[in-house]
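Structure record follows, encoded as structure tokens.
No experiment lies behind these values; they were computed from the predicted model shown. First listed ligand is number 1; within each ligand, the first listed atom is number 1.
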Amino acid sequence: MLYFAAVLTATAVLMAAVELRSSSSKMPVVAEVKLTKSTQASTSQIKIHTIDQILPEQDNPSDSLVRLLATPPPPPTPDCAVAACVALTFDDGPNADSTPIILDALKKERVKATFFVIGLKVVANSELMHRMQKEGNEIGNHTWAHPNLLKISRAQIEQQISQTQATITSLGLPAPKLFRPPYEAFTKPMLAYIHMPVILWNIDPKDWKEKDPKHVADAVVSQARSGGLIVMHDKPTTAAAVEKIIQDLKPRFKLVTVSELLNLAPDAQGIFIGR
Ligand code: ZN
């Protein structure tokens with residue numbers, strides 16, 4: 001009788017497994033059912049696994065293993081050459097009154113962004129710098145004091161960048177690998193001595209002139225598109241819009257760092273505006 005019950009149960013599980021596979025081929029689920037004569041069929045154990053092949057049912061159903069295979073889950077970092085990605089970037093921080101709000105929204109929604117920081121603000125906000133890094137965000141160099149690079153000398157430009165790099169690394173953080181010039185003021189000859197990818201943008205919601213967070217969110221969400229590199233500013237009005245922006249974009253896009261969006265090689269150089 002027990003044997004008969006076990007056969008019936010194993011058959012039912014096999015049918016259910018085949019049904020599961022045919023109805024949802026992407027589901028990464030494997031059902032493994034083990035039956036033994038010494039216990040009631042109702043005590044059979046079910047485990048969920050991922051495996052990469054289907055094993056045939058064994059001859060003796062009382063000891064049968066029924067396994068169903070599925071596709072392994074995708075890698076955690078999306079390939080933005082294929083997936084629809086956008087990168088949110090925040091310039092001119094870190095700031096005590098806005099950076100924590102932006103970081104809270106990113107953390108709550110489990111997404112990452114890129115912060116282009118001003119060197120002279122870094123030491124006074126070192127805890128925020130550590131938090132940016134610890135929570136998986138990317139940090140870029142936005143000069144030491146936010147000058148217009150077209151109005152200063154090569155030596156001064158190099159100083160603006162190197163002083164910021166040194167200050168960030170002095171906190172025990174990695175040296176930034178991205179550079180963003182203030183005011184989009186940049187010329188190609190500068191590439192000869194700025195040994196980092198220069199990151200501009202292809203979406204500008206002009207958040208700097210907005211006083212209502214709703215307007216910031218509307219501007220960002222309405223302009224967002226796959227491959228978008230969105231420039232925003234680390235300031236209170238924008239910070240108050242970030243959670244809504246993320247919630248609206250998340251169903252449509254993967255929110256990634258700039259390096260992920262561009263799939264930048266470690267030695268990449270040039271001017272980048274997005275995809
Ligand atoms: Zn700026």
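- At least one side-chain heavy atom of Ile194 sits less than 4.5 Å from a side-chain heavy atom of Phe186.
- Within a 6.0 Å sphere centred on NZ of Lys235, heavy atoms belonging to other residues, nucleotides or ligands number more than 12.
- Of all non-hydrogen atoms in Thr169 and Pro174, the two that sit nearest each other are CG2-C, 4.2 Å.
- Inspection of the environment of the Zn ion (ligand 1) yields the following protein N, O or S atoms under 2.8 Å: Asp92 OD1, His142 NE2, His146 NE2.
- With a 6.0 Å radius and a threshold of 12 heavy atoms from other residues, nucleotides or ligands, Lys250 has its NZ atom above the threshold.
- Between His233 and the options Asn95, Thr238, Asp207, a side-chain hydrogen bond (donor to acceptor under 3.5 Å, both in side chains) holds for only Asp207.
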Only distances under 3.5 Å count here; give the side-chain donor-acceptor pairs of residues 123-132 to other protein atoms, sequence neighbours excluded, each with its distance to 0.1 Å.
unit_1	atom_1	unit_2	atom_2	d
Asn125	ND2	Pro94	O	3.2
Asn125	ND2	Lys121	O	2.9
His130	NE2	Leu171	O	3.1
Arg131	NE	Glu135	OE1	3.2
Arg131	NE	Glu135	OE2	2.8
Arg131	NH1	Asp104	OD1	3.1
Arg131	NH2	Asp104	OD1	2.7

